[in-house]
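Below is one structure, written out as structure tokens; comments come after it.
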Amino acid sequence: MNEKYQFLSILAVVSALIWFGQFMPELIITVLSIGLFAAIAWFRPRYLLSVLIIYFVSRPFLVELNGGLKLAGDIAIIVLLLRVVFNTWRNNQFSSIFKLEIYEWAYIGFILVGIISALMTGIGLVPIIFQVRKFVMLYLLYYGLKRLVWTDRDVYRHLNVIVSMAMVLSVHGIIEKLSQRQWLIPVTWRDMFLSPTNIERVYGILGNPNSMGLFMVGALVATVYLLNKTKSKMYYVPLVFVMGIILLTYSRGTWLAALVAGIVYFVLTRNWRLFIHLALVGAIGFALVYTPVEQFDAMIESGGKITISEPKEDGKGSLGDRFNSTFEDEDVERSTSTGRIFYIKKGFEIFKDSPVIGTGFATFGDSATLVYSSPLYKDYGLAGIYDYRDKDFFSDNQYIQIIVQTGVVGTILFAVFMLNMAYRMMYAKDVSKELRYFALSLWFFIGVSGFVYNIWENQVFPLLYFSFLAYFEYQRSQNEVKHQ
């Protein structure tokens with residue numbers, strides 16, 4: 001079979017299984033999805049990234065409908081890891097398994113500190129494993145991907161899948177918004193409590209406007225790359241949609257991170273033509289996607305009357321309102337009493353009591369505490385902050401979480417992880433300037449995002465970031481071999 005059709009056939013089978021699998025018994029879809037994903041990881045590992053992009057972007061939606069789809073992605077990554085180990089053993093290169101960069105060793109050290117300190121705090125194994133999975137699984141994907149052979153054809157395939165998924169998310173997000181969150185979403189999401197500041201945002205298949213915004217930035221980059229390389233004008237359609245949807249997420253943290261990354265990129269490259277091009281497309285996205293959707297939404301809410309961009313009752317009805325609210329007394333007070341500023345203050349309070357290696361994973365504002373809570377919350381006045389939502393909180397700041405949970409030792413290790421990555425990107429003379437500058441821009445994006453999101457637990461954007469990092473390291477290793 002032609003390789004192109006083989007690839008498309010695999011994607012079609014995967015898409016059909018995960019979307020129609022919601023109607024199957026949980027045990028059956030668990031077996032089928034794990035078996036299919038494991039087979040792809042072992043026999044067609046070059047296709048796996050595209051499969052995982054479809055899967056992880058759809059996963060929040062799918063698992064609400066059928067929990068049997070929960071494990072397929074993790075199993076596929078583990079099988080990929082086993083395939084890589086098998087290949088190195090077969091080629092008598094077993095020692096290369098332990099050939100890691102400084103930032104990789106630092107990341108592993110950070111994980112070990114979080115585990116050890118959690119055990120010392122008395123956290124059970126289940127919450128620890130739950131949290132370690134969030135940090136480790138996509139690193140393992142990176143570990144496997146950078147040891148595969150990357151061709152230009154593979155890169156184009158993966159990027160086109162990202163763009164295709166962005167279009168699916170865009171259409172779904174618009175339907176979700178115009179239906180007042182009544183169509184094409186799980187019942188649990190339809191009945192979910194949303195604060196007045198969040199109710200106007202597009203959540204999409206990802207079930208989170210910030211995750212939606214983060215993925216759309218990745219899709220924006222993928223679309224621009226394909227547009228420049230192929231010169232195909234058809235990519236203007238997803239580009240306009242992506243621009244409009246990024247605005248409809250009202251994700252201020254994403255906008256800020258994208259602004260910083262954009263400044264870094266354009267200052268380094270001085271590609272002002274691209275800057276003007278993106279600004280024009282952004283204006284078109286605002287005019288053809290954001291504005292009509294907001295107008296139709298306002299018309300539907302007002303019972304069919306046409307309104308001209310009137311603010312909502314809570315004062316958060318426009319992009320300007322969203323930006324201005326960041327500095328309003330009410331929002332600052334909310335952040336100080338139960339929001340990001342409050343978590344940072346409480347975080348340093350806990351850090352003072354456990355400064356060396358912290359309190360451990362699953363103790364403060366991470367994914368595990370959302371599910372299992374934390375034994376520390378009662379002692380530090382954090383228990384029941386969000387009882388009205390029947391859940392605990394995200395720290396919404398990756399760095400305060402790292403400081404609290406891993407102390408000085410873990411924070412230094414994580415800093416080495418981040419800074420050594422940046423150093424390699426900056427001084428990687430074996431790759432093109434274009435690739436280095438883009439890598440640094442992406443590093444700034446994920447770095448800034450960490451101040452407002454638990455970005456390394458997000459999975460969707462780290463999936464794209466670690467995949468790019470694997471490609472970057474592969475290119476660097478190939479060029480080093482050529483120059484020897």
Side-chain angles (χ1 to χ4, degrees), residues 60 63 70 74 107-139 188 192-193 195 198 207-208 210-211 253 334-414 449-459 462:
V63 297
K70 190 177 295 184
D74 290 5
Y107 194 68
I108 293 170
F110 157 73
I111 299 297
L112 290 175
V113 169
I115 294 171
I116 293 169
S117 54
L119 291 171
M120 293 176 64
T121 301
I123 304 299
L125 285 178
V126 173
I128 294 174
I129 292 171
F130 184 94
Q131 184 59 30
V132 169
R133 173 197 166 272
K134 286 285 187 179
F135 282 127
V136 167
M137 199 53 65
L138 292 180
Y139 166 75
T188 50
M192 182 172 59
F193 171 85
S195 67
N198 287 328
N208 184 294
N210 296 326
S211 296
R334 188 183 301 115
S335 181
T336 303
S337 59
T338 59
R340 285 184 173 92
I341 297 174
F342 173 77
Y343 303 147
I344 292 172
K345 289 180 178 179
K346 283 292 181 179
F348 280 112
E349 181 182 336
I350 299 171
F351 167 74
K352 289 178 182 178
D353 294 334
S354 306
V356 181
I357 60 171
T359 57
F361 292 152
T363 59
F364 180 82
D366 59 15
S367 301
T369 60
L370 286 180
V371 178
Y372 303 101
S373 194
S374 167
L376 302 181
Y377 285 176
K378 186 175 181 180
D379 294 337
Y380 289 94
L382 290 167
I385 288 179
Y386 287 139
D387 278 347
Y388 68 93
R389 283 194 289 184
D390 191 29
K391 64 184 290 188
D392 285 304
F393 64 90
F394 256 142
S395 62
D396 284 330
N397 183 311
Q398 192 77 71
Y399 304 115
I400 189 60
Q401 177 198 319
I402 289 168
I403 290 169
V404 173
Q405 293 190 150
T406 61
V408 172
V409 175
T411 301
I412 291 174
L413 287 169
F414 195 85
S449 296
F451 286 101
V452 288
Y453 304 133
N454 295 53
I455 187 66
W456 292 99
E457 301 172 66
N458 177 268
Q459 290 206 302

Give the intermediate values and the outcome of side chain to side chain donor-acceptor pair (under 3.5 Å) for residues Q405 and Q131.
CA-CA 12 Å; Q405 293 190 150; Q131 184 59 30; 5.9 Å; no

Residues D74, M137; criterion side chain to side chain contact (heavy atoms under 4.5 Å, CB included); working and verdict
CA-CA 7 Å; D74 290 5; M137 199 53 65; 3.6 Å; yes

Tell me, please, which residues at least two apart from S449 pass side chain to side chain contact (heavy atoms under 4.5 Å, CB included).
L214, A257, F445, Y453, I455

Hey, does I357 have a side-chain heavy atom less than 4.5 Å from the side chain of M120?
yes

Could you walk me through whether T369 and F364 pass side chain to side chain contact (heavy atoms under 4.5 Å, CB included), step by step?
CA-CA 7 Å; T369 60; F364 180 82; 5.7 Å; no

Option passing ring-ring contact (aromatic ring centres under 6.0 Å, His included) with F135 (candidates F130, F361, W456)
F361

Taking the side chain as every heavy atom from C-beta outward, state whether F110 and T411 have any pair of such atoms under 4.5 Å apart.
no

Heavy-atom closest contact (S395 atom, Q401 atom, distance):
OG-CB, 3.7 Å

Kindly compute the distance separating CZ (F342) from CG (D396), expressed to the nearest 0.5 Å.
13.0 Å

Side chain to side chain contact (heavy atoms under 4.5 Å, CB included) between N210 and V452, intermediate numbers included:
CA-CA 10 Å; N210 296 326; V452 288; over 6 Å; no

Decide yes or no for F351 and I400: does some side-chain heavy atom of the first lie under 4.5 Å from some side-chain heavy atom of the second?
no

Close side-chain approach of V356 to V409, heavy-atom, < 4.5 Å:
yes

State whether the number of non-hydrogen atoms from other residues, nucleotides or ligands found under 6.0 Å of Y380 atom OH is greater than 12.
yes

Ion pair check, D366 and K134, cut-off under 4.0 Å:
no

Looking only at heavy atoms, what is the nearest atom pair of G124 and P127, with distance?
O-CD, 3.2 Å

Less than 4.5 Å apart, side chain to side chain, heavy atoms only: is that true for N458 and N208?
no

Do you know the tightest heavy-atom contact between P60 and V63?
O-CG2, 3.6 Å

Report yes or no: does N454 contribute a side-chain atom to a donor-acceptor pair with the main-chain N or O of G365 at less than 3.5 Å?
yes

Is the shortest side-chain heavy-atom distance between L382 and L376 below 4.5 Å?
no

Is there a side-chain contact between T359 and I350 (heavy atoms, below 4.5 Å)?
yes

I'd like to know whether Y343 forms a side chain to side chain contact (heavy atoms under 4.5 Å, CB included) with N397, so could you lay out the CA-CA distance, the side-chain angles of the two residues, the decisive distance to 0.1 Å, and finally the verdict.
CA-CA 9 Å; Y343 303 147; N397 183 311; over 6 Å; no

Considering non-hydrogen atoms only, spot the tightest contact between Y377 and T363 and give its length.
CE2-O, 3.5 Å

Does any part of the side chain of M192, heavy atoms only, come nearer than 4.5 Å to the side chain of T188, both counted from C-beta?
no

Paired with F414, the side chain to side chain contact (heavy atoms under 4.5 Å, CB included) test is passed by just one of T406, I402, I403, I111, namely I402

With respect to S367, which candidate in R133, Q459, E457 satisfies the side-chain hydrogen bond (donor to acceptor under 3.5 Å, both in side chains) definition?
E457

